[in-house]
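Model, not experiment: these values are computed from the prediction. For the numbers below, each heavy atom of this structure counts, side chains included, while hydrogens, waters and symmetry mates do not.
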Amino acid sequence: MKIAVIAANGKAGRLIVEEAVNRGLDVTAVVRKENATVAQKAIVKDLFDLSSEDLKDFDVVISAFGAWGDNLPQTKQSSEHLAEILSGTPTRLLIIGGAGSLYVNKEHTMTLQDTPDFPEEFKPVAAAAAEALAALRKHDDVNWTYISPAADFQAQGERTGDYIVAGEEFTTNDKGESRISYADYAIAMVDEATSEHPHIKQRISFLGK
């Protein structure tokens, strides 16, 4: 299996690359600058400069791209660009999403970011991620999967190897927690990338046990 990891030099991207390489997969890091991952292959190119030709040979493309501050509109723009250049191809597109768009009721009329206790400082990031998901849902000719992490997405959290796959609704573990480490998320992401029963055109979520 040939996998490309976009924004591979980032914290999440590096762990996903490492996990995939350790499993013997053919991994290419897509980076803007020098490759700092364990991948032996690299495409040094800005995400927005990537073309269909760049990605045509991959079975799976994983986007670990993240935007902050004034660049938040790029969250949606990046997903749309990748969807457009993978349109009509068999290549899967897996995108690291946000937790704010997870539903908190069975009617799917309220999301986590709409709740009173949702931190004000994270609302712009959550809104941008929700817009990216909404845009992806319109691409019926792309094999996309949008994967929300738990609410507490821990960059320095430990690798346990255990995680829960949930769906569109905000979910907690047996301890009432919604958390997952980047390391366990990387395991779950590569599991999804190599799954015989992939979640095509679906939003799913990962959380720690």
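Here the CD1-CH2 distance, from Ile200 to Trp144, works out to 10.0 Å after rounding to the nearest 0.5 Å. Atom CG in Leu82 sits 4.5 Å away from atom CD1 in Ile6 (nearest 0.5 Å). Once rounded to the nearest 0.5 Å, the distance linking CG of Leu86 with NZ of Lys56 reads 13.0 Å. Rounding to the nearest 0.5 angstrom, the gap separating the CG atom in Leu93 from the OG atom in Ser87 is 11.5 Å. Taken from CG in Asn143 to NE2 in His199, the straight-line distance is 14.0 Å, to the nearest 0.5 Å. Distance check, rounded to the nearest 0.5 Å: CG of Leu136 to NZ of Lys201 gives 11.5 Å.
Checked for salt-bridge contact, Arg179 and Asp184 miss the test: no charged N lies under 4.0 Å from a carboxylate O. No salt bridge links Glu18 with Arg159; every basic N to acidic carboxylate O contact stays at or beyond 4.0 Å. At a threshold of 4.0 Å, the pair Glu80-Lys138 does not count as salt-bridged, since none of the basic side-chain nitrogens sits closer than that to a carboxylate oxygen.
Thr37 and Arg14 get closest at one heavy-atom pair: CG2-CG, 4.1 Å. When every heavy atom of Ala8 is checked against every heavy atom of Val31, the shortest pair comes out as CB-CG1, 4.0 Å. When all heavy atoms of Tyr103 and Thr109 are compared, the pair lying nearest together is CD2-N, 4.3 Å.
Heavy atoms of other residues, nucleotides or ligands lying less than 6.0 angstrom from NZ of Lys123 number more than 12. Within 6.0 Å of CD in Glu121 there are more than 12 heavy atoms belonging to other residues, nucleotides or ligands. Counting heavy atoms of neighbouring residues, nucleotides and ligands inside a 6.0 Å radius, atom CZ of Arg32 does not exceed 12 of them.
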### Task
Take Phe65 and Gln74 through the test side chain to side chain contact (heavy atoms under 4.5 Å, CB included) and record every step on the way to the result.
CA-CA 9 Å; Phe65 177 80; Gln74 292 183 356; 3.5 Å; yes
### Message
Before you tell me yes or no, could you show the steps for Glu131 and Gln77 under side chain to side chain contact (heavy atoms under 4.5 Å, CB included), namely the whole-Å CA-CA distance, both residues' side-chain angles and the distance that decides it to 0.1 Å?
### Response
CA-CA 9 Å; Glu131 289 176 1; Gln77 293 163 5; over 6 Å; no
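Taken together through direct or relayed side-chain contacts under 4.5 Å among Ile, Leu, Val, Met, Phe, Trp and Tyr, Tyr182 and Tyr163 form part of one hydrophobic cluster. No continuous path of hydrophobic side-chain contacts links Ile164 to Ile204 [ILVMFWY only; heavy atoms under 4.5 Å]. Under a hydrophobic clustering in which Ile, Leu, Val, Met, Phe, Trp and Tyr are joined whenever their side-chain heavy atoms come within less than 4.5 Å, directly or via other members, Leu207 and Phe118 fall into different clusters. Tracing side-chain contacts under 4.5 Å through hydrophobic residues (I, L, V, M, F, W, Y), one reaches Leu94 starting from Val5; they form part of the same cluster. One hydrophobic cluster holds both Val21 and Met189 under the rule that ILVMFWY side chains link at heavy-atom gaps under 4.5 Å.
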Pair up each side-chain donor or acceptor in residues 46-53 with any protein partner under 3.5 Å, not counting sequence neighbours, and list the distances.
from  : atom 1 : to    : atom 2 : distance (Å)
Asp46 : OD1    : Phe48 : N      : 2.8
Ser51 : OG     : Glu53 : N      : 3.4
Ser51 : OG     : Asp54 : N      : 3.3
Ser51 : OG     : Asp54 : OD2    : 3.2
Ser52 : OG     : Ile85 : O      : 2.9

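Panel note: side chain Thr171, backbone Glu169; a donor-acceptor pair is recorded below 3.5 Å.
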